[in-house]
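Following: one structure in structure tokens, then a few remarks.
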Amino acid sequence: MTQTIAIIGAGMAGLSAAHALQQAGLPVQLFDKSRGSGGRISSKRSEIGALDLGAPGFLAQDPAFLTALADWASAGSCAAWTAIDGPQPYWVGTPRMSAISRALLGDLPTTFSCRISEVFRGERHWQLLDTAGASHGPFSHVIVALPAPQAGVLLTAAPALAARAASVVMEPVWAVALGFAEAQPGAQHSLRFDDEILQQATHDSAKPGRDNRLDSWVLHATADWTRQHLDLPKEAVIDRLAHAFAERLGRRLPPAQFALAHRWLYAYPARRTDWGALGDQQQGLFACGDWCLDGTVEGAWRSGARAAQLLLASL
Ligand SMILES: Cc1cc2nc3c(=O)[nH]c(=O)nc-3n(C[C@H](O)[C@H](O)[C@H](O)COP(=O)(O)OP(=O)(O)OC[C@H]3O[C@@H](n4cnc5c(N)ncnc54)[C@H](O)[C@@H]3O)c2cc1C
Ligand SMILES: NC(=O)C1=CN([C@@H]2O[C@H](COP(=O)(O)OP(=O)(O)OC[C@H]3O[C@@H](n4cnc5c(N)ncnc54)[C@H](OP(=O)(O)O)[C@@H]3O)[C@@H](O)[C@H]2O)CC=C1
């Protein structure tokens, strides 16, 4: 019998799986360690407005994902950022990236601020334990939708799945948000660099639907530089990236009125895979996430949908 299905992680992959299972009429319960949904497409609330410190936007080509995007766009939760040139539209959440996750979340039952530390199977059902010592369950199935290194430790009941997750290397990225009193003249809205320190700079406050108090930019360091500076104090990271940004623009920047740094230990997988999602169908334990495909927002959504498909096929 199918009881409630536990989904650990309310990022794009977990939400996509939850949505697909709910559509199929199955009860789900999501858990996430943070205060809201989105994971790497969440947005940081700050005194100058919401800031997209993770994925600044994304491309889409999968027909099913494009259909979902069209629905979210008609509900006002995302839009193509038309100021960005390219052969395909560049999608962003509106009025912030996390709005896409909110659109997917809908009324799905979710327990936030709950970090799951153990997933174990009794005679017939699954139970979860969280870091506060509370137990959750029983569940008929569990989907683990976390970055690979965090997923691995929750997959020990299925050693083959745990080994796959453990084989994935995920790259770290330092992100820095800067807020200026005035717009930076002449800078394009999205800049990519072939550089040792800076990977990209995005004009966050210029995205559609933003209402930030300052002209804000989000800078992403390269994975190599981040790895070498993982424990640098945040103030020093801000200084180094702001300085690199000014150098790449070829001019002195006015003093930032606002700055914050955020470290992503697991920003994206070093290599793409074609796993789709992983499943131990007999036990009812599944894993999904961007690392099961190409390390993108679209890949995470497709991986979650694939995990739901594997689970449904096992019933
Ligand atoms: C700096 C940066 C730049 C990026 N740029 C792009 C880009 O340009 N284009 C693109 O397509 N993609 C980009 N990405 C990648 C994209 O954001 C991810 O591929 C996608 O969002 C991953 O979704 P996910 O659901 O697999 O994982 P996540 O979003 O990481 O979701 C996992 C969720 O699990 C929760 N969690 C973790 N551990 C636990 C636990 N023990 N218990 C409960 N909850 C837990 C987390 O809070 C999180 O909400 C970027 C990412 C970063 C960080
Ligand atoms: N992969 C990594 O290396 C890594 C992942 N992390 C996960 O990434 C996100 C973001 O982390 P953060 O520390 O910014 O989490 P928050 O809890 O601050 O924000 C997440 C969403 O929660 C909502 N939110 C924000 N502030 C509040 C609040 N005061 N009260 C209620 N809700 C809040 C907000 O969602 P909405 O915009 O309202 O929809 C945020 O988007 C997170 O999943 C981490 O677990 C972190 C570090 C490294």
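Ligands are counted one by one from 1 in listed order, and the atoms in each one are counted from 1 as well. What you see is a predicted model, and the numbers here were worked out from it, not measured in a lab.
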*Going by the side-chain contact (heavy atoms from CB on, under 4.5 Å) test, name the single residue among T296, L69, V92 that passes it with F58.*
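Single pass found, and it is L69.
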
_So V176 and L53, do their side chains get closer than 4.5 Å, heavy atoms only?_
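Side-chain contact under 4.5 Å: no.
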
_Classify the ring geometry of F139 against F31: parallel below 30°, tilted from 30° to 60°, perpendicular beyond 60°._
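Perpendicular.
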
For [atom], which of the options [options] provides the nearest non-hydrogen atom?
| atom | options | result |
| --- | --- | --- |
| atom 4 (C) of ligand 1 | A55, G299, A223 | A55 |
| atom 47 (C) of ligand 2 | R115, R45, H262 | H262 |
| atom 25 (O) of ligand 1 | A10, A300, A13 | A13 |
| atom 39 (C) of ligand 1 | L154, L146, D130 | L146 |
| atom 10 (C) of ligand 2 | P149, G54, S42, A50 | S42 |
| atom 35 (O) of ligand 2 | R263, E171, M170, R102 | R102 |
| atom 44 (C) of ligand 2 | R40, K44, K33 | K33 |
| atom 19 (O) of ligand 2 | S43, G38, S101, A10 | S43 |

*Quick one: do the Q29 and T111 side chains pair a donor with an acceptor below 3.5 Å?*
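Judged by distance alone, the side chains do pair up.
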
Within the structure, is a non-hydrogen atom of [X] found at a distance of less than 4.0 Å from ligand 1?
| X | answer |
| --- | --- |
| P56 | yes |
| C288 | no |
| C114 | yes |

*Enumerate the atoms of ligand 2 whose separation from the nearest heavy atom of S98 is less than 4.0 angstrom.*
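The atoms of ligand 2 under 4.0 Å from a heavy atom of S98 are 36 (P), 37 (O), 39 (O), 41 (O).
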
*How does I8 reach ligand 1, if at all, at less than 4.0 Å between non-hydrogen atoms: by side chain, backbone, both, or neither?*
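Only the side chain of I8 comes within reach of ligand 1.
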
*Counting heavy atoms only, which part of K33 comes closer than 4.0 Å to ligand 1: side chain, backbone, both or neither?*
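Contact part for K33 vs ligand 1: both backbone and side chain.
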
_atom 9 (N) of ligand 1: nearest protein contact (heavy atom, Å)_ =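 Minimum-distance protein heavy atom for atom 9 (N) of ligand 1 reads G57 O, 3.3 Å.
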
_Can you confirm if the aromatic rings of W217 and F245 lie within a centre distance of less than 6.0 Å?_
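Yes, the ring of F245 comes within the 6.0 Å limit of the ring of W217, centre to centre.
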
*Decide whether an N or O pair under 3.5 Å exists between P147 and ligand 2.*
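It does not: no N or O of P147 is found under 3.5 Å from an N or O of ligand 2.
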
